[in-house]
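Residues: numbered from 1 along the sequence shown. The shown structure was predicted, so the numbers you read here are calculated from the model rather than taken from an experiment.
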Amino acid sequence: MSMGTLYFLVQQTMFFAIPLLVVALGGMFSERGGVINIALEGLMIFGAFVGIVFIDMVQKSETAINGQILLLLAVIVSGAVGAVVSLTHGYAAINMKADQIISGTAINMLAPAFAIFVGRRLSEKGTQQVHFEDWFRFESVPVLGKIPVIGDLLFKNAYITTYLGFLILVVAWVILNKTRFGLRLRSCGEHPQAADSVGINVYRMRYAGVLISGILAGIGGLVFVIPTSREFNATVSGYGFLALAVLIFGQWKPVRILGAAFFFGLLKAVAASSSGLPILKDIAISGYFYKMMPYIITLVVLTFTSKNSQAPRAEGVPYDKGGR
């Protein structure tokens, strides 16, 4: 494999792995608090749709704005939308004590329908696609892009969202493992009755976990679309469900989630660029096989790792303060 091919494959892996990382970390906060968030797919769609619509509107207005600033503003918008939608799941799961799988599934079903309906109303041609211009890729990071090998791998032909993903990882690890908030959140996912007995508001902590989950899932939806497409078509290609697999494979721990995200990100990168990789293009295997491979391996991995799952003990169990 030539160095040019290696650089290309690493960059493509980043594009696919970072959204998986961000969304899986969001799911981690929710489930560490005791609320299963199967709605990650729908939250990604909501966040990506509103973020892309925001970008499209700013670009059409011909406002003089730097591309990186516009992208960061869109990230804030997508995170805010994810937060608002996630609160509906939190209310159903925490206050109403509804089945958390059904609540999450409802959001997953609503999101693409909402994006298609609103997208068609906003489009001049009546189509559901929302187009945008790529103002966001930069050829090289000043100074860092000139570092031999590492510069070509990590700091050229990149997006600022890649580095945002790593920043979110560091912050998530610190919050979960080194702060009072993280300790309280974990206690609510393991022994909510014990947490309540020492004065921790279990409902409030679970809402915080779901809220963080929504913010990161909304951001992850935008982070997925920006490097891989020039339009949003009301789908994130099952990435929310793949992020759930990354979360389980990573055993609800940030560093392990990082490894799982890059493992599946590499598989997706190979699937997306198999026809252009010298090692694979001459093999008489259909490109559809490579596209199926990440999901097949997901099923295999979950089959063999589910028995050793270290999921929070109270995950998915509604907490009744009066029903000790």
Side-chain angles (χ1 to χ4, degrees), residues 1-23 44 47-48 51-79 129-171 216 218-233 236-237 239 258 261-281:
M1 181 184 296
S2 68
M3 291 302 293
T5 302
L6 176 62
Y7 296 152
F8 172 78
L9 188 59
V10 170
Q11 290 165 358
Q12 290 296 308
T13 299
M14 290 285 189
F15 296 157
F16 289 107
I18 294 301
L20 278 178
L21 172 65
V22 172
V23 178
M44 286 183 73
I52 295 300
V53 168
F54 172 76
I55 289 173
D56 180 54
M57 292 176 62
V58 172
Q59 291 179 335
K60 286 181 177 178
S61 69
E62 298 182 356
T63 303
I65 185 171
N66 179 272
Q68 305 308 320
I69 295 176
L70 174 59
L71 181 54
L72 290 176
L73 290 175
V75 164
I76 294 172
V77 170
S78 295
Q129 292 85 2
V130 182
H131 300 269
F132 65 95
E133 299 293 329
D134 186 3
W135 292 359
F136 318 114
R137 183 196 293 259
F138 46 81
E139 294 183 0
S140 179
V141 178
V143 182
L144 297 176
K146 297 179 180 180
I147 301 174
V149 183
I150 295 178
D152 290 319
L153 284 173
L154 303 177
F155 301 110
K156 288 185 178 180
N157 297 317
Y159 291 83
I160 195 171
T161 49
T162 298
Y163 312 115
L164 177 63
F166 286 115
L167 176 61
I168 289 173
L169 170 67
V170 173
V171 173
L216 294 184
I219 291 173
L222 183 69
V223 170
F224 170 72
V225 174
I226 290 295
T228 58
S229 181
R230 294 296 168 268
E231 64 181 22
F232 181 66
N233 194 25
V236 288
S237 304
Y239 244 58
L258 172 66
F262 271 83
F263 173 69
F264 288 107
L266 176 61
L267 294 176
K268 289 289 290 183
V270 170
S273 50
S274 58
S275 61
L277 294 176
I279 299 176
L280 301 178
K281 69 178 182 180

*So, for G145 and S140, which heavy atoms are closest and what is the spacing to 0.1 Å?*
CA-OG, 3.4 Å
*Among pairs that include at least one residue of residues 135-145, which meet salt bridge (charged side-chain N to carboxylate O under 4.0 Å, His left out), considering only residues two or more places apart or in two chains?*
none
_I want to check something: taking the side chain as every heavy atom from C-beta on, are Q129 and H131 in contact at a cut-off of under 4.5 Å?_
yes
*Under a 4.5 Å cut-off applied to non-hydrogen side-chain atoms, are I18 and Y159 in contact?*
no
*Mind checking the CG-CD1 spacing from L164 to I219? Nearest 0.5 Å is all I need.*
6.5 Å
*Would a distance-only check, ignoring hydrogens and angles, find a side-chain to backbone donor-acceptor pair under 3.5 Å from S229 to V225?*
no
_In the structure I gave you, are the side-chain heavy atoms of V10 and D152 within less than 4.5 Å of one another anywhere?_
no
*asked:* Can you confirm whether more than 12 heavy atoms, excluding those of E133, are under 6.0 Å from its CD atom?
replied: no
*Looking at side-chain heavy atoms only, is the closest gap between F155 and Y163 below 4.5 Å?*
yes
*Side-chain contact test, heavy atoms from C-beta onward, threshold under 4.5 Å: evaluate it for I160 versus L71 and give yes or no.*
yes
_Restricting to non-hydrogen atoms, name the atom on L222 and the atom on V75 that form the minimum distance, rounded to 0.1 Å._
CD2-N, 3.6 Å
*Rounded to the nearest 0.5 Å, what separation is found between the CD atom of E231 and the CD1 atom of I52?*
10.5 Å
_Measuring from atom CG of L153 to atom CG of L9, what distance do you get when rounded to the nearest 0.5 angstrom?_
10.5 Å
*Any idea which heavy atoms bring S78 and G218 closest together, and the distance?*
CB-O, 3.4 Å
*Going from CE on M14 to CG on L21, what distance comes out if it is rounded to the nearest 0.5 angstrom?*
10.5 Å
_Taking every non-hydrogen atom, the tightest pair across G67 and F136_ = O-CD2, 3.2 Å
*asked:* Side chains of L70 and N66, heavy atoms from C-beta outward: is any pair under 4.5 Å?
replied: no
_Would you say CD1 of I150 has more than 12 non-hydrogen atoms from neighbouring residues, nucleotides or ligands within 6.0 angstrom?_
no
*For residues V23 and Y239, determine if any side-chain heavy atom of one lies less than 4.5 Å from a side-chain heavy atom of the other.*
no
*Please round to the nearest 0.5 Å and tell me the distance separating atom OG1 of T13 and atom CG of L266.*
4.5 Å
*Minimal non-hydrogen separation, N157 against F15, with atom names*: O-CZ, 3.6 Å
*What pair of heavy atoms forms the shortest contact from W135 to Q68, and how long is it?*
O-NE2, 4.1 Å
*Looking at side-chain heavy atoms only, is the closest gap between L73 and I65 below 4.5 Å?*
yes
*Have a look at F132 and tell me which of V53, I226, V58 forms a side-chain contact (heavy atoms from CB on, under 4.5 Å) with it.*
I226
*Listed partners of R230 passing salt bridge (Lys or Arg N to Asp or Glu O under 4.0 Å), at least two apart*: D134
*Parallel, tilted or perpendicular: which fits the ring planes of F16 and F224, with parallel below 30° and perpendicular above 60°?*
tilted
